[in-house]
Amino acid sequence: MFEPFEYQFFVKGLIAATMVGGLCGLLGVYIVLRRMAYIGHGLSHAVFGGAVVSYVMSFNFFIGAGIWGFLSAILISLTTRKKTIGADAAIGIITTASFALGIALISRYKTFTRSFDAALFGDVLGVTNGDLIAIAAVTAGTLLVVFLGYKLLLFSTFDPEVARFYGVPTGWVDTMFSLILAGTIVVSMQVLGVTMIAAAIVIPPIVARLLTNSFKHMIFISTGLGAFTGLGGIYLSYWLDVSSGATIVLFAALLFVLALVYSSLRERVLRRSSSRTFKVPSDSSGFYD
Amino acid sequence: MLHPFPHKPVAGNPLVRLENVTCGYNGQPVLRDLSLTFMPGDFVGLLGPSGSGKTTLLRVILGAADLYSGQVTVNGVSTLRKRPRVGYVPQLETIDWNFPVTVQEAVLMGCTMNNPLFPWFHRRELTVVMEMLERLGIAHLSKRHIRELSGGEQQRVFLARALVSNPRLLLLDEPTAGVDIKTRDDVMHLLHDLNHQGITIIMTTHEINAVAAHLPWVICLNRRILAEGPPIDVFTSETLSLTYGAEMPVIHYRGLALVAERPHPFTTEGLGRDHLEAHEPPEGKHV
């Protein structure tokens, strides 16, 4: 049972997946509630474009892709502020254009030899010490931003327009959020892969939403669940000998099904018990005496 | 539903002043050359058809509509220089009712900018919120999800959110839209009470008889100001037909000016009357 822990690469992968899972779960709450579920999917593709550009220009991957992702996120939030364009459409336009740029560059520079399999499908067992430090730094930064900006983030997620009326600097809040989101996507790519990030961002908060009506509880449940699926997914992927990103996502999807069944059953039980305690109004006319 | 206490505006400097304001969105003016003054203690209803600029007027006071010319001052400070801190209650239909917040969490949002750099809400703020919920009679619902409430209770939640920062000015966008008669009565009584405690209130409404006729001051708006004053003076057939573009008879009843619906010709004359007489209901059906 503890056999895989003897391998250092496994332990590193486990730590990375747990942190990335928690991170995606935490940010996912805000993303899902803003109805931008596909921003994770889109941004990871956009960042892929940035990764290729930074490789071609022989730039540091994290910095190049990070800046690229941040600019894409800002562009999306600016485009959505124009009321005629929905968030889904803005995500679709900006991120696919950025992804296409990456593909165009790869096909233009025939000398391109680097394999992008890891970026596309995730390679958690190839995590290096440098990657771990990057993940830890983004996690620390994100926790700090979410902790310090908890009230501001909550109000501007709930109702951005009214939040502005109440003096919340929503422009700043959006910028900070774009920053931590871009960071999260960049460090998550290595572990989960572009194609799996969307699920890691959407599933934990949706499961949490099924279990609670309170925002505070949703944050804790979603973060914990994200970390747990990261940890459990990697562990399972070792035993099942299946790709790590896919295992994490499938494990999360399984938890979602369980939560869905649980909440439907609970609703049914609550309905039944409330109908059982329904009292026939007492009759004061004495007609039935 | 006439409130028992007469309304007494407080003398002093105007709380809100609009001077030759032209404002709108995306380069399209909605209101043109508008001048208005609101004194502390005013309780004003904004009337007008949909698209007449009622909400835009609220938004320009909040500093949230584009100001093309003129100036808006709240408490003597231009809204361009500083966004005023006023209580704002949005229309209930704009709220995301699936959002996971409890009543307490929703009302606490009103305290967000008290200490924006302090991560959590202060214990004192929590006490203020609970006192406000108590005052509005919904303290027992504080842990409930916002969707599990009745229309009147939901209205109170967002009224509480606006009131926890102790605003001198309260702006409400159609606080009585889509609620039943009892709730409408409760909300309006609550607003009158708040007004008597010194809060200046500006609200928009579509309900002339049930809401506007009972307010001390109304403004008829349709892209510009058509009339303002106590309802008894403002509600005349001429002003109302100017405002709404439809003929509306006004009936005076015990100090109130009430607006009647113009009956459909079928019900009063010609074909309709004959039709009704020809089909006299059978005896005994009426109680």
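Here is how names work: the chains are called A, B, and so on, in the same order as the sequence lines, proteins then strands, and each is numbered from 1. Note that the structure is a prediction, hence the values are computed from the model and not measured.
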Measuring from atom CZ of F158(B) to atom CG of D159(A), what distance do you get when rounded to the nearest 0.5 angstrom?
8.0 Å
Less than 4.5 Å apart, any side-chain heavy atom of V162(A) and any of M109(B)?
no
Interatomic spacing from CG in L108(B) to CG in L154(A) - rounded to 0.5 Å
9.0 Å
Considering residues, nucleotides and ligands other than Q197(B), do more than 12 of their heavy atoms fall under 6.0 Å from its CD?
yes
List the atom pairs, with distances to 0.1 Å, where a side-chain N or O of residues 169-179 of chain B and a protein N or O form a donor-acceptor pair under 3.5 Å, not counting sequence neighbours.
from	atom 1	to	atom 2	distance (Å)
D173(B)	OD1	T55(B)	OG1	3.4
D173(B)	OD1	T204(B)	OG1	2.9
D173(B)	OD2	T55(B)	OG1	3.3
E174(B)	OE2	H206(B)	NE2	3.1
T176(B)	OG1	E207(B)	OE2	2.8

Do we get R161(B) above Y166(A)'s six-membered ring, with its NZ or CZ under 6.0 Å from the centre and within 45° of the axis?
yes
Check whether V168(A) gets within reach of chain B through its side chain, its backbone, both or neither, counting any heavy atom under 4.5 Å.
both
In terms of heavy-atom pairs under 4.5 Å with chain A, the winner among Q104(B), R59(B), R147(B), R85(B) is R59(B)
Taking a cut-off of under 4.5 angstrom between non-hydrogen atoms, the residues of residues 198-215 of chain A near chain B are R209(A), N213(A), S214(A), F215(A)
If you count the non-hydrogen atoms of other residues, nucleotides and ligands that lie under 6.0 Å from CH2 in W172(A), is the total more than 12?
no
Just so I know, are the side chains of L33(A) and P100(B) near enough to count as touching, which here means a heavy-atom distance under 4.5 Å?
yes
Out of N98(B), T94(B), I146(B), N26(B), return the one with the most heavy atom pairs under 4.5 angstrom to chain A.
N98(B)
Are there residues of residues 136-149 of chain A that reach to under 4.5 Å of chain B by heavy atoms, and which ones?
F147(A), L148(A)
Can you say whether A162(B) sits under 4.5 Å from chain A via the side chain, the backbone, both, or neither, judging by heavy atoms?
both
Using modelled atom types only, decide if a donor and an acceptor are shared between the side chain of K151(A) and the backbone of F118(B) within a distance under 3.5 Å.
yes
Is the count of non-hydrogen atoms from other residues, nucleotides or ligands lying under 6.0 Å from Y25(B) atom OH greater than 12?
yes
Measure up the F99(B) and F158(A) rings against each other and bin them: parallel (under 30°), tilted (30 to 60°), perpendicular (over 60°).
perpendicular
Do any side-chain atoms of residues 35-43 of chain A form donor-acceptor pairs under 3.5 angstrom with protein atoms, and if so which ones, sequence neighbours left out?
from	atom 1	to	atom 2	distance (Å)
R35(A)	NH2	D96(B)	OD1	3.3
R35(A)	NH2	D96(B)	OD2	3.4

pair F155(A)-M113(B): side-chain heavy atoms closer than 4.5 Å:
no
